[in-house]
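This chain uses plain numbering: 1 for the first residue, then up along the sequence. Predicted model, so just to flag it, every value in this text is computed and none were measured.
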Amino acid sequence: MAASSLLRSLSRISRAPPAPATAFYHHRAPCSPFSSAAAAAGQGLAGLGPTGKGEKARVVVLGTGWAGSRLMKDLDTGGYDVVCVSPRNHMVFTPLLASTCVGTLEFRSVAEPLARIQPAVSSSPGSYFLLARCTGVDPEAHTIECETVTEGEKDTLEPWKFKVSYDKLVFGCGAEASTFGIKGVTEHATFLREVHHAQEIRRKLLLNLMLSDVPGISEKEKRRLLHCVVVGGGPTGVEFSGELSDFITRDVKQRYAHVKDYVHVTLIEANEILSSFDVRLRQYAINQLVKSGVKLVRGIVKDVQPDKLILDNGEEVPYGLLVWSTGVGASSFVKSLPFPKSAGGRIGVDEWLRVPSVPDVFAIGDCSGFLESTGKEVLPALAQVAERQGKYLAVLLNHVLKAGGGHANSSVEVDLGPKFVYKHMGSMATVGRYKALVDLRQSKDSKGVSIAGFASWFIWRSAYLTRVVSWRNRLYVAINWLTTMIFGRDISRI
């Protein structure tokens, strides 16, 4: 298909978003795979119709997280067309996301465009990236229903729906932050899972710093504005607290001398911080955080209000910035799917990451979990789990393709090979300037290497620098680290 034909087809869809309809119309026009003309005529939703005989099989991937991105990177695009449906066109390198909130790293350093991970989505005639969310699945028809994502943009098109047929469907749509049903969390707290979350935290932090320096503000209000509260003592919460305390010590107290004594950080955790780490490392982390000025509070949040939160003991904690990092759970979309579920409401999968009783459907990453019938425990929602599953499934699908089973409802009997087995490679977390934890044990109860201090910090930075997806972003990260070390962090509010 010529590029000009595709552009004309997409232009028609953009100018005339189709009205919702119940029937799926497959219009195989020679100029475009999108059935926009049929939809405009009221015959059905626009979309990508089924692949025909002699055409490449189509793998539809939902999500651009660690699992989906690794899958698409390793898929054989010589035999598969890849269609990615996601509300973002990039992968986020989440282990370094906390560093962007305080200016240690620039935001683009942790965002890897999908077109660089899998060039086929922008160059291959049958492969696409579609800025949309999946809203429904029809396993019998091998189709998904999607809706475009346009929120946050002014003077743009109203969202519209379309359908996409698949030969293989992979759920890699991740999870959502757990709020445990606590009132006010969604409205008043900021999560730390996406680049726009980090941008929001940075803007609010710098705004509060500048407002607190303006004459006329009361001392009580100044203390509230400059009180940063982090809820959740997992790796994300601890790393953000460490980055924030380092930012306050090295940059804020030098450049906001008038309010330096008012800035403080509180970390609230219901149980133990870094509970999956070795006991000795946990104690080291506590000592370092306290030494850097972070106040540790043991408690459960019962209510979140616009300017304060209330703990289970009745204590009120005023805040100017509230960051919520209490883990993740299955999204409402995943819970609504008509598939068997594992513990926690995730999509249930077998040992080959297939969704049982549903042909040609797989699930990987935080949205999936082993079914109880497999005898395996649900794996933790970690980047290394998701990446390993994406790599495994890419190998499996490439093997299926070579065996002739790439298309939908293929009758070819394929030996899927070894089952997916996860081996934990260890955990790492930074706790402030030049200090980090490295726990290389395979499980919480097993023995292994666990170290803390400067050596761990060097290992932490080296490991993550090598794990950043592209050489472009590795260079960005290295340069950002170097300039921050020499000149300090940028405190411009842009």
Side-chain angles (χ1 to χ4, degrees), residues 66 93-102 104-105 110 192-193 198 228 230-250 265-298 323 325-328 379-388 422-468 477 480-481 484-485:
W66 282 85
F93 193 82
T94 48
L96 295 178
L97 191 57
S99 297
T100 65
C101 300
V102 295
T104 306
L105 295 176
V110 300
L192 187 52
R193 296 181 50 79
C228 305
V230 183
V231 179
T236 300
V238 169
E239 289 192 333
F240 177 71
S241 299
E243 286 280 357
L244 190 55
S245 64
D246 188 38
F247 173 60
I248 292 170
T249 302
R250 293 189 61 201
V265 182
T266 297
L267 175 61
I268 300 175
E269 168 57 41
N271 300 301
E272 294 286 341
I273 70 168
L274 299 174
S275 58
S276 63
F277 281 70
D278 179 77
V279 175
R280 183 177 63 86
L281 296 184
R282 291 207 304 267
Q283 190 58 52
Y284 179 87
I286 291 172
N287 294 340
Q288 284 301 129
L289 289 172
V290 172
K291 185 178 178 180
S292 64
V294 178
K295 181 182 178 182
L296 301 180
V297 174
R298 178 73 67 85
V323 177
S325 61
T326 57
V328 297
L379 295 174
L382 298 174
Q384 59 177 297
V385 174
E387 185 182 32
R388 210 87 47 86
Y422 172 68
K423 182 180 179 181
H424 188 61
M425 301 299 290
S427 305
M428 296 185 291
T430 179
V431 290
R433 191 184 184 193
Y434 305 138
K435 300 292 189 298
L437 316 173
V438 175
D439 191 347
L440 299 181
R441 299 175 304 156
Q442 291 189 18
S443 69
K444 188 176 180 179
D445 301 321
S446 63
K447 295 182 179 180
V449 177
S450 57
I451 56 177
F454 177 79
S456 299
W457 175 84
F458 184 79
I459 293 171
W460 175 83
R461 281 207 164 181
S462 301
Y464 282 153
L465 187 61
T466 59
R467 297 302 296 161
V468 173
V477 170
N480 288 167
W481 279 341
T484 297
M485 186 178 298

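Distance alone, capped at 3.5 Å, places no donor-acceptor pair between the T266 side chain and the C228 backbone. Checking side-chain atoms of Q288 against main-chain N and O of T430 turns up no donor-acceptor pair under 3.5 Å. Between the side chain of R441 and the main chain of V449, no donor-acceptor pair closer than 3.5 Å is present. N287 contributes a side-chain N or O that, together with a main-chain N or O of Q283, makes up a donor-acceptor pair within less than 3.5 Å. Looking at D439, its side chain never comes within 3.5 Å of a backbone N or O of F277 through a donor-acceptor pair. Proximity of a side-chain donor or acceptor of R433 to a complementary backbone N or O of T249 within less than 3.5 Å is not detected.
Between K423 and Q384, the closest side-chain pair of non-hydrogen atoms is not below 4.5 Å. Contact of the I451 side chain with the S456 side chain is registered, since non-hydrogen atoms from C-beta on lie closer than 4.5 Å. Side-chain contact check for S450 versus R280: some heavy-atom pair is nearer than 4.5 Å.
W460 and A429 get closest at one heavy-atom pair: CD1-N, 4.1 Å. For the pair A285 and L437, the tightest heavy-atom approach, listed with the atom from each and the gap, is CB-CD1, 3.8 Å. Nearest approach of L281 to V438, heavy atoms of both residues: CD1-O, 3.7 Å. When all heavy atoms are compared, the tightest approach of G232 to L267 is O-CD1, 3.4 Å. The shortest non-hydrogen separation linking G237 to S325 is CA-OG, 3.3 Å. The minimum heavy-atom distance between G233 and V238, with the atom names listed, is O-CG2, 3.6 Å.
Rounded to the nearest 0.5 Å, atoms CD1 (I268) and OG1 (T326) are 11.5 Å apart. With rounding to the nearest 0.5 angstrom, the CD atom of E239 is 9.5 Å from the OG1 atom of T94. With rounding to the nearest 0.5 Å, the separation of CG in L289 from NZ in K295 is 14.5 Å. Interatomic distance, H424 NE2 to R388 CZ, rounded to the nearest 0.5 Å: 9.0 Å. The CG atom of L440 lies 7.5 Å from the CD1 atom of I459; values are rounded to the nearest 0.5 Å. Here the NZ-NZ distance, from K291 to K435, works out to 6.5 Å after rounding to the nearest 0.5 Å.
A donor-acceptor contact closer than 3.5 angstrom is absent between the side chains of S99 and W481.
Using bins of under 30°, 30° to 60° and over 60° for the plane-to-plane angle, the ring pair Y434/W457 lands in the perpendicular bin.
In summary, of the residues considered (T104, T100, V431, I248), a side chain to side chain contact (heavy atoms under 4.5 Å, CB included) with E243 occurs for T104 alone.
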